[in-house]
Structure formats: C-alpha cells, structure tokens
Amino acid sequence: MTSVAAVLDTPAQQAPALEARHLTKHFPVRAGGLVARGALVHAVEDISLILPRSGITAVVGESGSGKSTLARMLARLITPTSGSIFLDGAEVRARARRGYARAVQMVLQDPFSSLNPVHNIGYHLARPLKVHGLDGSRSMDEAIAGLLDRVSLSPAGQFTGKFPHELSGGQRQRVAIARALAVRPRILLADEPVSMLDVSIRLGILNLLAGLRENDGLTILYVTHDIASARYLADVIAVMYAGQLIESGPAARVTDEPAHPYTQLLLSAAPDPDRTQPPSLLGRGAPPNLISPPGGCRFHPRCPHAMAVCAAERPPAITVAPGHEGACWLHARDLTAAQSLPLKTTDVSTGADTGPGPGPNPGRVPDTEPGTGSREEKS
Ligand code: SF4
C-alpha cells in the first residue's frame with residue numbers, strides 16, 4: 001500500500017500539510033541472547049501517508065504495529081532508515097529542526113511522564129513561548145492564560161501554579177496539548193492521547209482535538225489502537241499491521257465495509273454496546289516477530305482466508321472504492337487456481353494447524369474489475 005487518499009475538500013493545487021513517502025525504519029538489535037548480532041527489527045516498512053490540510057487522519061493498529069514509530073518519524077524524533085518527509089510540499093532537510101518543530105508538534109501518550117513533576121504548569125507553558133518567541137502583542141501571563149483557555153482549563157489562575165501531580169489525567173493531557181500549541185503549530189501528532197485516561201474523560205480530549213481542527217484549522221494525526229474512537233474523530237483511517245499499511249480510506253467506509261481481514265478482526269474485537277453475543281473474531285494468533293516477519297502478506301499466519309499466493313507475494317494496494325484501498329489478495333483479479341488454493345496455516349500462538357483445509361477458500365472474492373472489488377462473498 002502506498003498512499004492514503006485525501007478525502008477532504010482540499011484545493012487540488014494545494015500541497016498536503018504533511019506527507020510521508022516510503023518511510024522505513026529498521027532498529028538494530030543490540031541485545032545478546034538468541035538474537036544474532038546485526039539482526040534488525042523491521043518496525044516500519046515502506047509507508048506513504050498524506051495528511052490533508054485541516055484534516056484528521058487516524059493511524060490504527062495493535063501494539064507493535066509500528067504506528068508510534070511512524071508518528072515519531074513524522075515528528076523527527078527518530079530518523080527514518082529510508083524515505084522522505086514533505087512539509088507543505090517541500091522536502092524536509094536534516095538541518096531545519098527548529099522551523100519544523102514550530103510547524104509540527106507531538107502530544108505523547110502519557111501526560112504524567114511527559115510533564116516534569118518539579119515544575120508547575122506556568123513553567124511548562126512559558127518555556128516553549130520563550131524558546132520559540134512570544135506573539136509580541138501579549139504578555140507572558142496573557143499568552144499562558146490564552147493557551148489554557150484553548151484547552152478549556154480556566155480560569156487560568158487556578159492552574160498555572162499547580163504541579164502535574166495536582167491535576168487529573170485529563171487535565172494533564174490538556175496541559176500537554178496546550179504546551180504543544182504554544183509554538184502555534186499547523187500540525188499536531190497525537191500518539192495515543194487518550195489511551196491512559198479514564199473512559200469517562202476520553203471523549204472530552206477527543207472533542208478538544210476536533211475543536212482545534214474546526215476552530216483553528218489544525219491538521220491532526222491521531223494514533224490509536226481503538227478503531228471506534230478513530231471512527232468518531234477522524235476523516236480518514238489508515239490501518240497498520242506488523243509495520244505495514246494494509247488499508248486506508250474514509251473513516252466511515254473503512255469501519256462500515258472493511259476491505260482487509262485484519263481490519264475486520266480489529267472491528268470484531270472493538271467494544272459494541274449493541275452486541276448481545278460474544279464477538280466472532282475473524283483471525284487468531286499473535287502478531288509476528290518483526291525481526292523475521294513472514295513473507296508475502298504478513299497477516300497470512302493469522303488470516304482465516306489465506307491462500308497460496310498470500311504466503312508467496314506481498315499484496316499490492318488495491319482500490320476497492322473511491323479513496324478506499326486494501327492490501328489483500330482477496331480483491332485481486334486474475335489469480336490462478338493454484339494461487340487461490342486455501343493455505344494451511346499455523347496458529348502462531350499455539351503452533352496448531354488452523355488452515356481452512358481443502359475446498360473453496362471462504363474469503364475469495366471472485367474476479368472483478370479493479371476498483372470495484374465486491375466483498376459480498378467474504379465471511
Ligand atoms: Fe493477507 Fe491473503 Fe489474508 Fe488477504 S487473504 S489478508 S492477502 S493472508
């Protein structure tokens with residue numbers, strides 16, 4: 001899969017706010033033990049992603065899928081092994097760090113560890129204002145009060161003198177967002193911003209992010225393992241599995257008609273208050289070892305629809321509807337009979353054979369025109 005389509009009404013001549021092209025990150029394994037020296041963790045492989053201006057794009061995946069590594073590369077906290085990043089259409093060069101940090105800010109998952117416990121809230125907000133320069137029309141106190149007001153922490157006087165441990169988790173995350181806003185960024189990268197918060201206050205943070213897009217035109221990348229919250233907040237959802245992008249498209253479309261069996265698995269595992277029966281999980285096992293990931297489709301050891309071709313070749317991005325792509329051989333046409341044979345797979349968590357066995361593959365979509373791949377016959 002090579003790109004996420006911009007579904008917002010962005011003028012054609014306007015460059016995306018942020019774009020990743022073929023980003024890859026391999027981490028060297030330095031520990032001893034059974035892992036040979038020189039081994040690499042293939043954390044992110046060849047991901048291209050477009051963040052439309054003033055849009056909210058969600059990157060969804062389970063733990064270890066590489067979504068946070070992708071966000072950290074986009075924030076330039078870690079250096080890609082290969083690939084390029086484009087800001088407002090211009091390739092980002094290694095040196096322009098401060099200018100980039102002004103435009104692109106990151107909010108981390110844990111608001112407690114991201115705030116220094118020995119400094120009060122006023123200090124946390126004053127520091128970036130001093131480093132990056134104040135809007136000259138306001139005093140420092142006015143600027144801090146304005147930031148706290150933008151994240152609905154008011155009156156400001158109640159918060160500036162407090163220390164992080166004196167605030168609730170939700171209030172701490174609001175302070176972390178206010179600190180990111182201090183440099184007047186155009187793009188916010190939010191890495192699991194609600195996953196450490198009580199369920200009751202998650203909605204407030206999601207609504208805060210939605211308001212920042214709505215009122216200030218911020219471009220937002222929302223990284224999450226929770227596909228339900230991604231649907232609530234985002235315009236576009238990109239799904240990652242084992243370091244690769246495997247599906248992307250408009251949020252409602254991806255969640256209503258998922259094209260990839262892994263997205264179906266994520267959705268079937270998501271909490272659903274209307275569900276009366278236990279979820280039927282379309283998949284099994286655990287994510288693969290990224291030091292030696294499976295060949296072909298990385299999901300094939302877990303996929304209930306795996307075919308012979310899935311173990312042999314990586315599936316390309318296939319358009320299943322306008323702006324909606326899935327990297328899955330089920331949507332390919334012109335597969336040979338041999339390629340379509342059901343694959344006998346091994347449950348990676350138990351080692352047991354779990355393949356669909358002989359007979360027609362239940363997940364196979366009949367040959368269709370590219371871009372119109374029907375999924376009616378999928379289970
Ligand atoms: Fe991957 Fe094949 Fe399953 Fe599609 S059908 S998800 S390509 S294993």
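When a ligand or atom number is given, it counts from 1 through the structure's own listing order.
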Donor on one side chain, acceptor on other, Y241 and R302, under 3.5 Å =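 On atom types as modelled, these side chains qualify, holding a pair under 3.5 Å.
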
Got a sec, which residues hit salt bridge (Lys or Arg N to Asp or Glu O under 4.0 Å) with R174, two or more places apart in sequence or on another chain?
->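 If we apply the salt bridge (Lys or Arg N to Asp or Glu O under 4.0 Å) test to R174, skipping adjacent residues, there are no hits.
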
For residues 114-128, which residue pairs qualify under side chain to side chain donor-acceptor pair (under 3.5 Å), counting only residues two or more places apart or in two chains?
->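 Every pair satisfying side chain to side chain donor-acceptor pair (under 3.5 Å) with a residue in residues 114-128: there are none.
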
Sum up the protein N, O or S atoms located under 2.8 Å from atom 4 (Fe) of ligand 1.
->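 Excluding waters, the total comes to 1.
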
Between side-chain atoms of residues 78-88 and protein atoms elsewhere (two or more places apart, or another chain), which donor-acceptor pairs fall under 3.5 Å?
from : atom 1 : to   : atom 2 : distance (Å)
T81  : OG1    : H26  : N      : 2.8
S84  : OG     : E91  : OE2    : 3.4
D88  : OD1    : R53  : NH1    : 3.2
D88  : OD1    : R53  : NH2    : 3.3
D88  : OD2    : R186 : NH2    : 2.4

In terms of ring plane angle, is the pair F299 and Y262 parallel, tilted or perpendicular, where the classes change at 30° and 60°?
->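 Plane angle over 60°, so perpendicular.
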
In sequence, state the C-alpha distance, the side-chain angles, and the governing distance for D226 and R202, and then conclude on salt bridge (charged side-chain N to carboxylate O under 4.0 Å, His left out).
-> CA-CA 12 Å; D226 177 11; R202 289 179 185 177; 5.0 Å; no

